[in-house]
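Below: the structure, in structure tokens.
Quick caveat, the model's predicted, so the values are computed rather than measured. Numbering starts at 1 and runs along the sequence shown.
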Amino acid sequence: MSALRLAVFDMDGTLLDSLPDLAECCREILAQCGLPLLSDTQVRGMIGNGVQALVERALQASVEQKAKESGIVPVIPFSTEEAVSRFMAAYTPRATRLSRLFPGAGEALRRLHTQGWLLAVCTNKPEKAARRILADFDLTSLFASVGGGDSFAARKPDARHLLGTIAQAGGNGARSVMVGDMPPDYLAAEGAGCPFVFAGWGYGAPELARRARVSAPCMQDIPLLLEQVMPA
């Protein structure tokens, strides 16, 4: 019998529309710094490479905006490490206050589970926050592994993050598929030798679809498309 098939999902922009809570927490940090607040649209383009990258991008964009408006480059009152710590202190308890699963996500995951697929999450979000989100949406029991951005020595786009998540799930790289919406998802899948399915409903640029084995317009289509990408 061939190894069980494993479907690995990114979280932000793939399973979860997390932008509302991420943007609110960015604005909280910026307010603490006395910097201009950013819109959801501005924050959306900063998501995908983990919390530190998000916080750094938000601070930089806001500093540049302030400098442009005032002619003076503002000084951030604390370090990047402190900003990240403050962000996580704000974000972890409220990660699902405004955020919601993308339409059809829960049903698609349960269908894949029923069809015998192993499921895993590979996200640059810290593992604790990712597990909290799955628990809040009553999805924990569906997943064999949750590989967060702090779970391994490397994180996406490094293939070791995806390979570690696959191994932790009891999967096999040759029988695994990565579903995601951003370049780090594609690059990790490419490095791991896994087919990449582009989440066309997410935050990524549509051009990434050209690099994918297939592009899915909505989460409801994922079970059928994964059967086509990797038949039983």
Worksheet entry | Evaluation steps, side chain to side chain contact (heavy atoms under 4.5 Å, CB included), between Ser99 and Asp17 | CA-CA 6 Å; Ser99 302; Asp17 184 8; 5.9 Å; no

From [X] atom [atom1] to [Y] atom [atom2], the distance as rounded to the nearest 0.5 Å:
X	Y	atom1	atom2	answer
Arg97	Cys25	CZ	SG	8.0 Å
Met88	Lys128	CE	NZ	8.0 Å
Met11	Cys122	CE	SG	11.0 Å

[X]: partners by salt bridge (charged side-chain N to carboxylate O under 4.0 Å, His left out), with sequence neighbours left out:
X	value
Lys125	Asp12
Asp40	Arg27
Arg94	Asp21

Item to complete: Could you tell me which residues satisfy side-chain contact (heavy atoms from CB on, under 4.5 Å) with Thr114, sequence neighbours excluded, listed by chain and number?
Response: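 side-chain contact (heavy atoms from CB on, under 4.5 Å) list for Thr114, sorted by chain: empty.
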
Fill in: Residues that Ser85 engages under side-chain contact (heavy atoms from CB on, under 4.5 Å), provided they are two or more places apart
none

Report whether [X] and [Y] are members of the same hydrophobic cluster (ILVMFWY, side-chain heavy atoms less than 4.5 Å apart, transitive linking).
X	Y	value
Leu118	Val121	no
Leu4	Leu162	yes
Leu119	Leu6	no
Val63	Leu37	yes
Leu112	Val214	yes

Do [X] and [Y] come within less than 4.5 Å of each other through their side chains, counting heavy atoms only?
X	Y	answer
Val43	Thr41	no
Leu38	Met46	yes
Arg131	Leu134	no
Leu109	Leu15	yes
Leu163	Cys194	no
Leu30	Leu59	yes
Lys66	Ile72	no
Glu69	Gln65	yes

Worksheet item: By ring-ring contact (aromatic ring centres under 6.0 Å, His included), which residues pair with Tyr91, not counting sequence neighbours?
Response: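 With neighbours one apart ignored, the set is Phe87.
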
Worksheet entry | Results of ring-ring contact (aromatic ring centres under 6.0 Å, His included) for Phe196 - residues two or more places apart only | Tyr186

Discussion item. By the side-chain hydrogen bond (donor to acceptor under 3.5 Å, both in side chains) test, which pairs, at least two apart or in different chains, include something from residues 151-171?
Written reply: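 Qualifying pairs: Asp10-Lys156, Glu127-Ser151, Ser145-Gln168, Lys156-Asp185, Asp158-Arg160.
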
Item to complete: Show the numbers, then the answer: is there a side chain to side chain contact (heavy atoms under 4.5 Å, CB included) between Leu54 and Asn49?
Response: CA-CA 7 Å; Leu54 172 61; Asn49 290 91; over 6 Å; no

Only distances under 3.5 Å count here; give the side-chain donor-acceptor pairs of residues 177-184 to other protein atoms, sequence neighbours excluded, each with its distance to 0.1 Å.
| unit_1 | atom_1 | unit_2 | atom_2 | d |
| --- | --- | --- | --- | --- |
| Asp181 | OD1 | Thr14 | OG1 | 3.3 |
| Asp181 | OD2 | Tyr203 | N | 2.8 |
| Asp181 | OD2 | Gly204 | N | 3.4 |

Smallest separation among heavy atoms of [X] and [Y], with atom names:
X	Y	answer
Phe198	Ser215	CD2-OG, 3.4 Å
Ile166	Gly173	CG2-N, 3.9 Å
Asn124	Gly48	ND2-O, 3.4 Å
Gly106	Leu101	N-CD1, 4.3 Å
Pro195	Ala189	O-CB, 4.4 Å

Ignoring hydrogens and angles, write down the donor-acceptor pairs under 3.5 Å from the side chains of residues 73-80, residues two or more places apart or on other chains.
| unit_1 | atom_1 | unit_2 | atom_2 | d |
| --- | --- | --- | --- | --- |
| Ser79 | OG | Glu82 | N | 3.1 |

Practice prompt. Please step through side chain to side chain contact (heavy atoms under 4.5 Å, CB included) for the pair Leu142 and Arg110, ending with a clear verdict.
Written response: CA-CA 7 Å; Leu142 298 178; Arg110 291 183 178 91; 3.8 Å; yes

Worksheet item: How would you list all residue pairs meeting salt bridge (charged side-chain N to carboxylate O under 4.0 Å, His left out) that involve residues 201-215, not counting sequence neighbours?
Response: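 Qualifying pairs: none.
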
Contacts table for residues 219-232: side-chain donor-acceptor under 3.5 angstrom, sequence neighbours left out:
| unit_1 | atom_1 | unit_2 | atom_2 | d |
| --- | --- | --- | --- | --- |
| Glu227 | OE1 | Arg5 | NH1 | 3.0 |
| Glu227 | OE2 | Arg5 | NH1 | 3.3 |
| Glu227 | OE2 | Arg5 | NH2 | 3.2 |
| Glu227 | OE2 | Trp117 | NE1 | 3.1 |

Item to complete: Go through Glu56 and Gln60 one step at a time and tell me if the side-chain hydrogen bond (donor to acceptor under 3.5 Å, both in side chains) criterion holds.
Response: CA-CA 6 Å; Glu56 288 175 348; Gln60 181 63 30; over 6 Å; no

